[in-house]
Protein chains: 2
Amino acid sequence: MVDETKVVENPITIEDIARAADVGIATVSRTLNHPEIVRKDTRDKIMQVVHELGYIRSGAARALASKQTFTVGAIIPTLNNAIFAACMENFERVLSRANYTLLITVTNFDRDQETMQLHKLLERGVDAVLLIGLDHSKKSFALLEKSKVCAVSIFGSRQSGKIPCIGFDNRKASETIVQHLVSLGHKRIGMIAGITRGNDRARDRKKGVISALEKNNLVYHPSLFIETRYSHEHGRQAFQTLYGQKIKPSAIICGNDVLAMGALFEADAHGIRIPDQVSITGFDNLPITEHLKPALTTIDVPSAAMGVRAAEAIVQKLKTGEKIKSRLLEANLLIRNTTGPIKV
Amino acid sequence: MVDETKVVENPITIEDIARAADVGIATVSRTLNHPEIVRKDTRDKIMQVVHELGYIRSGAARALASKQTFTVGAIIPTLNNAIFAACMENFERVLSRANYTLLITVTNFDRDQETMQLHKLLERGVDAVLLIGLDHSKKSFALLEKSKVCAVSIFGSRQSGKIPCIGFDNRKASETIVQHLVSLGHKRIGMIAGITRGNDRARDRKKGVISALEKNNLVYHPSLFIETRYSHEHGRQAFQTLYGQKIKPSAIICGNDVLAMGALFEADAHGIRIPDQVSITGFDNLPITEHLKPALTTIDVPSAAMGVRAAEAIVQKLKTGEKIKSRLLEANLLIRNTTGPIKV
DNA sequence: TTGAAAGCGCTAACAG
DNA sequence: CTGTTAGCGCTTTCAA
């Protein structure tokens, strides 16, 4: 704790302002928090002093006295996927406008990590927490319940009873993909899924594919279903594995766009024509996918909307106490050029 | 402030622990902060109670009493560019391991916005601040100076005297690109630059190109230099503009990879062969660029390294008071397949 | 409208 | 090694 730099970080306090403006500290506090209940001239005088002295309020003291930090925590798997980054960007923007600051922590898809992060956020006194999906550790749920902190989940499908969820139906979206493929005549369908353990979104996407397969009386070939981490490289590798099978799938559904792009790249590298030889689908609709050639058929996940809605709901709740309602947004299939009729 | 939900957020306090463990509150505080100076059995007893009661420390009270929040703020232009997202991911990881939490705010390349965000972070009592580049408002610098908060800048080139900078030489990197192009015989070189106003990185990259052009006795055609926002769409558009000129450039240098990809997409859409008809270069080395076909020639910006180094330096400084040294990291040219010899 | 004063929950001397 | 106590800077009754 030896540190000459942190001496008197922000020496000037509300008392200094009060003294300089010749008023009581309560009045200063009031003009800062509820200007309308302070007479205009005292208020003006105070604000002038505030600016002159470059006063910066102590959030810590404020939080301690008021039990509010004007801070919201988000616990996300990673920032390395544009889908989360975009979502956070919007989430932050809305929060920021309402004067909240965003605390971000990353779990790297590890639930225990998530629990620890949640604990830390709670210590920091966040007024609300944003979580991804519904798959959380018992301890996390216990913490949420005990702390009674305002919590919202996004990206998830189910209307979990535990915390309100502003998401979309991952499973249904997957089924839409299968339906589309089936309508093109595909029968032997494979999948490059994300790791489903501890990830309800990945699991729902996979389940959706399997159930839609069965609904269409198509056989589900476990050997054509690979689970792998989200990266271009893993997508490429998985594609190679699938396409290396004696009986190749005519269509490959990918758990997200990153995986799909990996598959596309690998196909391209081997001169495999898409969609003539294999159809490929993604999931997320990353901005770049529409520019690819062929443009990726994918699910348009409402990531920005979820970020915005979640932030709005949180701000609303924090301001008025209005309960947050779960809500399912649209996630539509975008048919582009990586899927096509099966060739006989 | 009417809100039945925020009643008794975390009712249990250090006093409850002290009482339940039959010790003084100071001892509880000690076992939580400096366990080594507490006798093992009292410590154990206390920790047991802590876990039993699910005690969560009040960061606000801690901060108020100790003048430390264990919180670091980052002010970045956007999360929508993978280069920043990746950098933040690494920054957060290192901070998190040292028990710091990351506060992220986004400016959307607006300096006034940045100043406001900085002010907010300072109110929140961040122990340190991360900034992008060296181009900040006077007010921002004043705030930094006055608050004496630990600040670090990344992505910048210059060894600014104001705040330590862990970056790389944007200008030199640009010159390398020109050099490469010149060695391939290119003479008529254009550029799709980012908006340089309020953005020293974009400015340095552009300056580097211009000065290298002059060094090589090539003429700088202002009409071949476009400044535009960072997006695929703007890249495409700018490419179209440049390639629509009566005398087309034989090489186009892009201010970042997003712009370069836009150019690539647009060229592709018009059947313009890269690099046969035009050479194109990027800047950043986004993960996807190596998978593109043709793979993008670009500058390998050490974004992850900057995130890690900055976080390490901050943690070090906060722990030991050790001053943060500015440092320039390597940013090398990656010659891939979007650049080739000029055809006569 | 304003001021005085009582905490908010914790850390860090200080004394034992 | 442990307990007592004085704040940290602010919000918020409660009176005036």
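Note that these values count all heavy atoms, side chains included, but never hydrogens, waters or copies made by symmetry. So that the names make sense, note that chain A is the first sequence line, chain B the second, and so on, each numbered from 1. Only a predicted model underlies this, so the values are computations on that prediction, with no experimental measurement involved.
- The distance between atom CD1 of B:Ile17 and atom P of D:dG3, rounded to the nearest whole Å, is 14 Å.
- Partners of A:Thr71 under the side chain to side chain donor-acceptor pair (under 3.5 Å) rule, at least two apart in sequence or in another chain, do not exist in this structure.
- Counting only heavy atoms from C-beta on, A:Val23 has its side chain closest to C:dG3 among C:dG3, C:dT2, D:dC10.
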Nucleotides 14-16 of chain C: which of its N/O atoms have a protein N/O under 3.5 Å away?
none

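- For C:dC10, the OP1/OP2 oxygens have no side-chain nitrogen or oxygen of B:Ser58 closer than 4.0 Å.
- By the side chain to side chain donor-acceptor pair (under 3.5 Å) test, B:Ser153 is found to be paired with no residue, residues two or more places apart in sequence or in another chain being considered.
- In this structure, A:Ile46 atom CD1 and C:dT2 atom C1' are separated by 10 Å, rounded to whole Å.
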Where do N or O atoms of nucleotides 5-8 of chain C meet protein N or O atoms at under 3.5 Å, pair by pair?
| residue | atom | partner | partner atom | Å |
| --- | --- | --- | --- | --- |
| C:dC8 | O3' | A:Lys67 | NZ | 2.8 |
| C:dC8 | O2 | A:Ala65 | N | 3.4 |

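- Rounded to a whole Å, the NE2 atom of A:His34 is 15 Å from the P atom of C:dT1.
- Remark: DNA chain D takes part in the stems C:1-16 with D:1-16, each of 3 or more antiparallel Watson-Crick or G-U pairs, criterion distances under 3.5 Å.
- In this structure A:Glu312 satisfies the salt bridge (Lys or Arg N to Asp or Glu O under 4.0 Å) test with no other residue, sequence neighbours excluded.
- Annotation: side chain to side chain donor-acceptor pair (under 3.5 Å) contacts involving residues 105-114 of chain B, sequence neighbours excluded, comprise B:Glu114-B:His136.
- Residue pairs meeting the salt bridge (Lys or Arg N to Asp or Glu O under 4.0 Å) criterion with at least one partner in residues 36-49 of chain B, sequence neighbours excluded, are B:Arg39-B:Asp41, B:Lys40-B:Asp44.
- Every residue two or more places apart in sequence or in another chain that forms a side-chain contact (heavy atoms from CB on, under 4.5 Å) with A:Arg93 is listed here: A:Asn90, A:Arg97, A:Val308.
- The side-chain contact (heavy atoms from CB on, under 4.5 Å) test applied to B:Glu52 returns B:Gln48, not counting sequence neighbours.
- The distance from atom CD of B:Gln68 to atom P of C:dT11 is 11 Å, rounded to the nearest whole Å.
- Note on A:Arg39: every side-chain N or O is 4.0 Å or more away from OP1 and OP2 of C:dT1.
- Side-chain N or O atoms of A:Asp135 include one that pairs as donor or acceptor with a backbone N or O of A:Asn199 at under 3.5 Å.
- A:Lys45 has its NZ atom 15 Å from the P atom of C:dT1, to the nearest Å.
- Not a single side-chain contact (heavy atoms from CB on, under 4.5 Å) links A:Glu145 to another residue, sequence neighbours left out.
- Closest approach to the A:Ile14 side chain among D:dT2, D:dC10, C:dC10 is made by D:dC10 (side chain taken as heavy atoms from C-beta onward).
- In this structure, B:Leu32 atom CG and C:dA12 atom C1' are separated by 15 Å, rounded to whole Å.
- As rounded to whole Å, 10 Å separates atom P of C:dT11 from atom CD of A:Glu123.
- Remark: A:Ser29 is not in phosphate contact with D:dC10, judged by side-chain N or O atoms under 4.0 Å from OP1 or OP2.
- Although no hydrogens or angles enter the test, the distance criterion places a donor-acceptor pair under 3.5 Å between the side chain of B:Thr320 and the main chain of B:Gln316.
- A:Val38 comes within 4.0 angstrom of the backbone, heavy atoms only, and of no base.
- For the side-chain contact (heavy atoms from CB on, under 4.5 Å) test, residues two or more places apart in sequence or in another chain that qualify with B:Leu329 are B:Ile166, B:Pro302, B:Ala305, B:Met306, B:Arg309, B:Arg327.
- A side chain to side chain contact (heavy atoms under 4.5 Å, CB included) with A:Ile75 is found for exactly one of A:Thr115, A:Leu103, A:Leu131, namely A:Leu131.
- The nearest whole Å value for the distance from the CZ atom in B:Arg19 to the P atom in D:dG3 is 14 Å.
- OP1 and OP2 of D:dC1 both lie 4.0 Å or more from every side-chain N or O belonging to B:Thr42.
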